[in-house]
Amino acid sequence: MRRRRAEPGRSHRTPTVAGPARGGAAAPRVAGACEEPPALAECAPGDLPCAAENGARALAWRHWQLSCRQVQPADPIAGEAIEVIVPYPPSSGGPCTADGASFELELERGSGVTVIRVRDVAHGRCEGMSGLSLVSVGALPPGAYRVDTGYWQTSFVVRPPGSDPGDLPETFLAAVAVAELHAPGRCFGMPGDEPRLPATAFAAMRVSAQMKKAFPGRSAEELLGLYQGATAISVTPSGPGEWRYAYADGACCTISAVQGTLRRQDDRWIVGPAAIVDTKTVPC
């Protein structure tokens, strides 16, 4: 999902609609208790039952995003970058025009709550249930806030600096353990590689505070390096206290698929060797 930042009082250009990810088929169901709904199925042309199931999935995704992902991250802490998922105005029909939309943000400070007014400048519209935009409002001081689009509202509270950021998920801790021993290669020989995450952007993320809590004494540069490595590693459970890991390791013009296992024993991560399972050359 691409993201564009909109500073308060300035336009938010070309917002990206937050649509369902594409993946394998799964029975449609409405998301409950903030459980992520199934992804869209790959439908063959003219497969009307499959298209109908995808309509149910899209509706479930809209419910989940508006109910469970109104603010990113939930219960933000002062200093964190805050993103709000905003629905577009109800469509009167016609094609999706969200890519041409823009927003302006205004902060209206009151005695008890600050209202963030989101004005849809270019009148972006989308058909059906896919009309959602991820709008970044930057960092905000502690206090109560209400987002108001004129047709939709949501509220959240920004907690004071130093509030408990929560703990890292176990799968991410497992990926960090692998990254400390087997760091994925940094040179892939592919044009247009994604730029590395700037340290300033990482410092504004909730995961940065969670990593400081989990790894006290590590420098900001070390934590950023571990984060970059961990996010490049796929970790999946394989049994009680056991996981499989996989990542791509590059040597500029050659990319290798690497796999291995790890387990947790007495609060320690035991990482197995990294085995190359496939190698291919790529255009340089």
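Everything numeric in this text was worked out from a predicted model, so none of it was measured. When reading the values below, keep in mind they use all heavy atoms of this one structure, side chains included, and skip hydrogens, waters and symmetry mates.
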Kindly list each side-chain donor-acceptor pair under 3.5 angstrom involving residues 262-271, sequence neighbours excluded, with atom names and distances?
from, atom 1, to, atom 2, distance (Å)
Arg263, NH1, Gln265, OE1, 2.3
Arg264, NH1, Glu170, OE2, 3.4

pair [X]-[Y]: side-chain heavy atoms closer than 4.5 Å:
X: Ser208; Y: Lys212; answer: yes
X: Pro161; Y: Pro142; answer: yes
X: Val235; Y: Phe172; answer: no
X: Asp75; Y: Arg159; answer: yes
X: Leu140; Y: Pro76; answer: no
X: Ile233; Y: His182; answer: no
X: Phe156; Y: Ile82; answer: yes
X: Val158; Y: Pro141; answer: no

Nearest non-hydrogen partners of [X] and [Y], listed with the distance:
X: Ala179; Y: Gly229; answer: CB-C, 3.9 Å
X: Ser163; Y: Pro160; answer: OG-O, 2.7 Å
X: Ala232; Y: Pro184; answer: CB-CG, 4.0 Å
X: Arg206; Y: Ile77; answer: NH2-N, 3.9 Å
X: Ala41; Y: Asn54; answer: N-OD1, 2.9 Å

### Query
Residues two or more places apart in sequence or in another chain: which of them pass side chain to side chain contact (heavy atoms under 4.5 Å, CB included) with Ser219?
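Result, side chain to side chain contact (heavy atoms under 4.5 Å, CB included) vs Ser219: Glu221, Glu222.
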Would [X] end up clustered with [Y] when hydrophobic side chains under 4.5 Å apart are linked, directly or stepwise?
X: Trp152; Y: Val118; result: yes
X: Leu107; Y: Val84; result: yes
X: Val115; Y: Leu105; result: no
X: Leu226; Y: Leu181; result: yes

Any sub-3.5 Å donor-acceptor pair from [X]'s side-chain atoms to [Y]'s backbone N or O?
X: Thr231; Y: Tyr227; answer: yes
X: Gln210; Y: Leu168; answer: no
X: Tyr245; Y: Val258; answer: no

### Message
I need the Leu173 CG to Met211 CE distance, nearest 0.5 Å.
### Response
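The CE atom of Met211 is 8.5 Å from CG of Leu173, to the nearest 0.5 Å.
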### Task
Mind checking the OH-CZ spacing from Tyr145 to Arg109? Nearest 0.5 Å is all I need.
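Output value for this atom pair is 5.5 Å.
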### Qualifying salt bridge (charged side-chain N to carboxylate O under 4.0 Å, His left out) pairs, either residue in residues 138-152, two or more places apart
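For residues 138-152: Arg117-Asp148.
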